S.K.: 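Right, I'll just put the structure down here and ask away after.
These numbers come from a predicted model, not from an experiment. One is the number of the first residue; the rest follow in order along the sequence.
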Amino acid sequence: MNAWLLIRRLRGPAFLIMVGITALLNQWGVLRFSRSWPLYLILAGVLGLAERAAIAAAPPALPPPLYPGAYAGSGSGSGLPAADPLADPNRRM
């Protein structure tokens, strides 16, 4: 699992924990629900920044091969497909 997916999956539980903390602070009389909306914006911003950082840190994806097994067994060792000797236009029959 990559880091972006992990952060994306933790978004819902993080907001649930924030609702619980807000309810606890409301019960203690420290912070009312009507005044807690900046906490949710801050949490959304921090999670958004973490997702962008995870995307930037990920290595670029490799392009898919032309067809399955295209580069396997080419024999050249360079990772490129070998030249087809039968496709040479100067070949004599």
Side-chain angles (χ1 to χ4, degrees):
M1 177 183 333
N2 61 13
W4 177 83
L5 188 59
L6 177 66
I7 295 168
R8 192 74 176 169
R9 287 182 178 177
L10 290 177
R11 181 178 288 266
F15 275 101
L16 281 176
I17 290 171
M18 181 63 77
V19 168
I21 290 171
T22 306
L24 185 65
L25 291 175
N26 185 37
Q27 187 70 24
W28 287 345
V30 176
L31 181 69
R32 294 190 322 241
F33 277 115
S34 62
R35 298 279 206 166
S36 64
W37 62 269
L39 295 176
Y40 295 100
L41 289 178
I42 290 170
L43 179 62
V46 167
L47 289 173
L49 286 174
E51 286 179 12
R52 286 184 180 258
I55 289 172
L62 296 176
L66 300 175
Y67 53 89
Y71 303 127
S74 64
S76 64
S78 65
L80 299 174
D84 187 7
L86 299 177
D88 185 14
N90 297 326
R91 178 176 72 95
R92 296 186 186 194
M93 295 260 179

S.K.: If the condition is salt bridge (Lys or Arg N to Asp or Glu O under 4.0 Å), which residues does Arg35 pass it with, not counting sequence neighbours?
M.R.: none
S.K.: Mind checking whether Asn26 and Thr22 have side chains closer than 4.5 Å, heavy atoms only?
M.R.: no
S.K.: Please report the closest heavy-atom contact between Trp4 and Glu51, naming both atoms and the distance.
M.R.: CD1-O, 3.6 Å
S.K.: Please give me the minimum heavy-atom distance between Tyr40 and Val19, naming the atom from each residue.
M.R.: OH-CA, 3.5 Å
S.K.: Return each pair, listed once, that meets salt bridge (Lys or Arg N to Asp or Glu O under 4.0 Å) where at least one residue sits in residues 37-46; pairs must be two or more places apart or across chains.
M.R.: none
S.K.: If two hydrophobic side chains count as joined below 4.5 Å and joins carry through other members, does Leu24 share a cluster with Phe33?
M.R.: no
S.K.: Is there a path from Val30 to Leu39 through hydrophobic residues (I, L, V, M, F, W, Y) whose side chains come within less than 4.5 Å of each other?
M.R.: yes
S.K.: Is there a continuous path of hydrophobic side-chain contacts, each under 4.5 Å between heavy atoms, that joins Leu47 to Leu6?
M.R.: no
S.K.: Determine whether Leu25 and Phe15 fall in the same hydrophobic cluster, where Ile, Leu, Val, Met, Phe, Trp and Tyr are linked whenever their side-chain heavy atoms lie under 4.5 Å apart.
M.R.: yes
S.K.: Who clusters with Ile42? Use side-chain heavy atoms, under 4.5 angstrom, across I, L, V, M, F, W and Y, and order the result by chain and number.
M.R.: Val46
S.K.: How close do Leu43 and Ala14 get, heavy atom to heavy atom, and via which atoms?
M.R.: CD2-O, 3.6 Å
S.K.: Report the distance from atom CD1 of Ile7 to atom CG of Asn2, rounding to the nearest 0.5 Å.
M.R.: 9.0 Å
S.K.: Same cluster or not: are Ile17 and Leu10 linked, directly or through other Ile, Leu, Val, Met, Phe, Trp or Tyr residues, by side-chain heavy atoms under 4.5 angstrom apart?
M.R.: no
